[in-house]
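Protein chains get the first letters and strands the later ones, always in sequence-line order, with residue 1 at the start of each.
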2 protein chains.
Amino acid sequence: MSPAPFADRLAALVEGRRSQLCLGLDPTAASAGAVAEECRRLIDLAGPACVAAKPQLACFERHGWRGWQALEETVAAAHDAGLVVVADGKRGDVPHTAAVYAQALFGSGADASAGLGADAATVNPLLGADAVEPFVSAAELTGAGVFVLVRTSNPGAADLLDLPASGAPLHEHLASLVAERAPRLRGESGLSGLGAVIGATVPGLLGRMRELMPDSIFLLPGVGAQGASAAELGPAIGSHPASILVPVARSIASAPDPAAAAEALRADLWSLGGD
Amino acid sequence: MSPAPFADRLAALVEGRRSQLCLGLDPTAASAGAVAEECRRLIDLAGPACVAAKPQLACFERHGWRGWQALEETVAAAHDAGLVVVADGKRGDVPHTAAVYAQALFGSGADASAGLGADAATVNPLLGADAVEPFVSAAELTGAGVFVLVRTSNPGAADLLDLPASGAPLHEHLASLVAERAPRLRGESGLSGLGAVIGATVPGLLGRMRELMPDSIFLLPGVGAQGASAAELGPAIGSHPASILVPVARSIASAPDPAAAAEALRADLWSLGGD
């Protein structure tokens, strides 16, 4: 039996916890052991207000193979806390290699223990549709989600992603790439686990992105340290509260009381839906 | 004292070994231990005909933290064989995180042991110039090289990288991004370690790419299993034989005699220069 689609697992969590908050894990500790400890502490404190954890793979890889051990421990800790895990590695490669990355992150249908066991991953689509395809195929098989980078939150995103290309900005081409494949990862909730990363730092784009990708879950980085405000995310919300997932790292990790900071963010976000 | 620039270290190796061949390491073995063994064997056999080794990070990550151990062992084995190491992870992220990836791959100037110790890395520029900048800065500090994905070798590269954008194909915008920054990683050889990945599968583009990036080292995947031929690479060659680096993985790894296969490829490539 196939596992439930990512979209449906997330939808149930969002409804149950009344939260669209994703705990960003960008650990800065000086050793792999301390990184694992830092993540576990944040999961313990802030996890109850969240539905997902998003480990930033770079912050673990900085510590070599011990860092990957810490990453595996962090995934297990997040799962223990009832969170889905979005592996934020922004992988992307030629088809043959993209399939290997998908296996590394999601495992395979036959042997889930072979991979990191992430529930979803961020994917870089620069190499084109054939390079995204192996992630979508693996997600279909394993019940995972895929967040394609469509318009990132950094200022430099304007350099390429906003370039007009064949009549529309490049990010709209990427949105079409996502929308065309979204039905393959759609669950009973109507949401699709073929989602998109869209920077919350450019709120003026959110409405258009939702128009182009009506069913996709949006991962919306940029709230907090990068300056975007939760109050501006309204146009990104689709037909289901789990249509947005908002990662926050530094604003939680650096708060005097991470649990209270996460709960305040959760409530702010949930109120956008009119509850 | 800063280490010698990557471009000059590579130029000396290419001249000394009369080779532009890069050993692609895409190990397929079923365990991390066997992966390390597979790579060591290929380095032992084919290394003498090559100047660089290019481990495909996905193939190691598939085995979790033990795979990263195998990766670190492989980097050490390649260095022992006198090869420079191009970490092929195609990383790319917002500036803050890109800097962490650069540290993971190159170490820092103060503490080289902190990172993987790669001599160069492939970098995905989708997120824009500010996301490439941390890799270039780290490379300046550590004497590393950076290969920016400009036009990849897969068929789907046409989907985005060939789109006309503001008057020129997207890959030409990326070539300009590389060329503008190339002087920062230029060595006494005149070559720049701010290089470009350009698929050998589209030989018609090579001349134009060389025109736009006269000093950059080109990493040219696609020869062998992907169907491109060494004989078509002539237009990619710049003013120095080290201006091209040709990764070959499957055609060497699956040959009955990998040493002879590598030597034959080396000689084919070297003859392009008219020697």
Side-chain angles (χ1 to χ4, degrees), chain A residues 26 56-72 88-101 103-105 114-116 124-133 149 152-161 163-166 170 173-174 177 199 221 226, chain B residues 26 56-72 88-101 103-105 114-116 124-133 149 152-161 163-166 170 173-174 177 199 221 226:
Chain A
D26 301 7
Q56 177 52 261
L57 269 50
C59 299
F60 297 85
E61 291 176 10
R62 156 162 62 180
H63 299 285
W65 66 266
R66 291 181 185 84
W68 261 72
Q69 269 189 327
L71 175 62
E72 294 174 11
D88 192 2
K90 300 185 175 64
R91 302 302 197 240
D93 216 304
V94 298
H96 176 79
T97 308
V100 181
Y101 274 123
Q103 188 192 345
L105 296 168
L116 183 62
N124 185 313
L126 179 71
L127 281 72
D130 65 359
V132 174
E133 174 58 31
L149 306 185
T152 55
S153 60
N154 57 312
D159 297 345
L160 299 174
L161 287 166
L163 277 184
S166 299
L170 190 61
H173 289 271
L174 295 172
L177 186 156
Q226 287 184 65
Chain B
D26 302 6
Q56 178 52 263
L57 270 49
C59 299
F60 298 84
E61 291 176 8
R62 155 164 61 181
H63 299 286
W65 67 265
R66 291 182 185 83
W68 261 72
Q69 268 187 328
L71 175 62
E72 293 174 11
D88 192 4
K90 301 186 175 64
R91 303 301 197 242
D93 215 304
V94 297
H96 176 78
T97 307
V100 181
Y101 273 122
Q103 188 192 346
L105 296 167
L116 183 62
N124 184 314
L126 179 71
L127 282 71
D130 65 358
V132 173
E133 174 58 31
L149 306 184
T152 55
S153 60
N154 55 312
D159 298 345
L160 300 174
L161 286 167
L163 275 185
S166 300
L170 189 61
H173 289 272
L174 295 173
L177 185 156
Q226 288 184 64

A/Pro125 versus chain B, the contacting section by heavy-atom distance below 4.5 Å: both
Relative to chain B, which segment of A/Asp159 carries a heavy atom at a distance below 4.5 Å: side chain, backbone, both, or neither? side chain
Best-contacting candidate, [options], against chain A by heavy atom pairs under 4.5 angstrom:
options	answer
B/Gln226, B/Glu133, B/His173, B/Arg66	B/His173
B/Pro155, B/Gly67, B/Ser153	B/Pro155
B/Val94, B/Val132, B/Asn124	B/Asn124
B/Leu174, B/Leu177, B/Asp26, B/Leu161	B/Leu161

Are the side chain of B/Glu72 and the backbone N or O of A/Gly64 linked by a donor-acceptor pair below 3.5 Å? no
Heavy-atom distance under 4.5 Å to chain A: side chain of [X], backbone, both or neither?
X	answer
B/Thr152	side chain
B/Leu127	both
B/Glu61	both
B/Leu57	both

Closest heavy-atom contact between [X] and [Y]?
X	Y	answer
A/Asn154	B/Pro95	CB-CD, 3.7 Å
A/Ala165	B/Leu163	CB-CD1, 3.9 Å
B/Gly156	A/Asp130	N-OD2, 2.7 Å

Is the shortest side-chain heavy-atom distance between A/Gln69 and B/Gln69 below 4.5 Å? no
For residues B/Lys90 and A/Leu126, determine if any side-chain heavy atom of one lies less than 4.5 Å from a side-chain heavy atom of the other. no
What's the verdict on side chain to side chain contact (heavy atoms under 4.5 Å, CB included) for A/Val100 and B/Gln56, showing C-alpha distance, side-chain angles and the deciding distance? CA-CA 10 Å; A/Val100 181; B/Gln56 178 52 263; over 6 Å; no
I'd like to verify something: which residue of A/Leu149, A/Asp88, A/Thr97 has the highest number of heavy-atom pairs under 4.5 Å with chain B? A/Thr97
